[in-house]
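Single-structure report; data block below.
Treat the numbers as computed from the prediction; the structure is a model and nothing was measured. Along the sequence shown, residues carry numbers from 1. Side chains included, hydrogens not; waters and symmetry mates left out as well; all remaining heavy atoms used.
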Amino acid sequence: MTLIHPGQVVILDSGTTTYLVAQHLPPELNATIITNSPPIATVLATYANIDVIVLGGHLNKELQVAVGAATIEALQMFRADLCLLGVAGLHPDMGITVYDLEEAHVKRAMLSRAAEVAALASSEKLGTAAPYVIGPISELTHLVTNSTVAQLVLAPYQAAGLTVIQ
């Protein structure tokens, strides 16, 4: 199943997993991608048919991501078809979580601006929770994870209505 379709407007969040997604997009993809990650924007600049919009704000140097009020305000200008969200933890009860408060605020704004939201969570992030809550898992439409994750681990996410893509 391919989540990104030609002509879509996509919010591509920051993080190591989303960085890998940016590196492996189809070379011919025609889309508009909005990101708050300078490293991801640099990767996307190599794609001839992707229009790249970089969100400004305060640069968190450690995470290499724009955060803060300016980033959130800029997001209010968009209505995206899809948001690919990086997470630190994804727990059926605790929800979608991260380790940085400012990043949590930006991710909440990203969720609110997209018709569909896919959490990108490797197996070690499933069933865990970080200190800052982005929202309940009901705010997601998809979970993208490793192909090796056991069905027993995925069952609570599927029960919550998420489409699981391995």
If I take atom [atom1] from residue [X] and atom [atom2] from residue [Y], how far apart are they, to the nearest 0.5 angstrom?
X: Ile11; Y: Leu84; atom1: CD1; atom2: CG; value: 9.5 Å
X: Ile134; Y: Lys107; atom1: CD1; atom2: NZ; value: 5.5 Å
X: Ile40; Y: Thr18; atom1: CD1; atom2: OG1; value: 3.5 Å
X: Thr71; Y: His58; atom1: OG1; atom2: NE2; value: 9.5 Å
X: Leu25; Y: Asn49; atom1: CG; atom2: CG; value: 12.0 Å
X: Leu126; Y: Thr145; atom1: CG; atom2: OG1; value: 4.5 Å

Could you work out, with side chain to side chain contact (heavy atoms under 4.5 Å, CB included) as the rule, every residue matching Phe78, not counting sequence neighbours?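 Side chain to side chain contact (heavy atoms under 4.5 Å, CB included) check on Phe78 returns Ile34, Ile53, Leu55.
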Heavy-atom pair with the smallest gap, counting every atom of [X] and [Y]:
X: Val106; Y: Val67; answer: CG2-CA, 3.8 Å
X: Gly57; Y: Ala66; answer: N-CB, 4.1 Å
X: Pro156; Y: Val153; answer: CD-O, 3.2 Å
X: Ala160; Y: Ile137; answer: CB-CD1, 3.6 Å
X: Pro39; Y: Gln64; answer: CD-O, 3.6 Å
X: Leu44; Y: Ala22; answer: CD2-CB, 4.1 Å

Same cluster or not: are [X] and [Y] linked, directly or through other Ile, Leu, Val, Met, Phe, Trp or Tyr residues, by side-chain heavy atoms under 4.5 angstrom apart?
X: Ile72; Y: Leu59; answer: no
X: Ile33; Y: Leu85; answer: no
X: Leu101; Y: Leu111; answer: yes
X: Ile96; Y: Leu12; answer: no
X: Met110; Y: Val9; answer: yes

[X] (side chain) donor-acceptor with [Y] (main chain) under 3.5 angstrom:
X: Gln8; Y: His5; result: yes
X: Ser123; Y: Val149; result: no
X: Asn36; Y: Val65; result: no
X: Ser14; Y: Ser37; result: no
X: Tyr132; Y: Glu102; result: no
X: Tyr157; Y: His142; result: no
X: Asn30; Y: Gly7; result: no
X: Thr42; Y: Pro38; result: yes
X: Glu103; Y: Asp100; result: no
X: Thr141; Y: Val117; result: yes

Counting only heavy atoms not in [X] (residues, nucleotides, ligands), do more than 12 fall under 6.0 Å from its [atom1]?
X: Leu152; atom1: CG; value: no
X: Gln151; atom1: CD; value: yes
X: Gln23; atom1: CD; value: yes

Show your working on side-chain contact (heavy atoms from CB on, under 4.5 Å) between Leu143 and Thr163 and close with a plain yes or no. CA-CA 6 Å; Leu143 166 60; Thr163 301; over 6 Å; no
For a side-chain contact (heavy atoms from CB on, under 4.5 Å) check, start with the C-alpha distance between Leu154 and Gln166, then their side-chain angles and the critical distance, and finish with the verdict. CA-CA 10 Å; Leu154 298 175; Gln166 290 185 280; 3.4 Å; yes
Take Val21 and Leu120 through the side-chain contact (heavy atoms from CB on, under 4.5 Å) test and state the conclusion after the steps. CA-CA 10 Å; Val21 167; Leu120 308 180; 3.8 Å; yes
Is the shortest side-chain heavy-atom distance between Leu90 and Lys125 below 4.5 Å?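 Contact flag for Leu90/Lys125 side chains = no.
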With the side chain counted from C-beta on, respond yes when Thr97 and Val87 share a heavy-atom pair under 4.5 Å apart, and no when they do not.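 No - every pair of side-chain heavy atoms lies 4.5 Å or more apart.
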Run the side-chain contact (heavy atoms from CB on, under 4.5 Å) check on Asp81 and Val10 step by step: do they pass? CA-CA 6 Å; Asp81 299 296; Val10 178; 5.7 Å; no
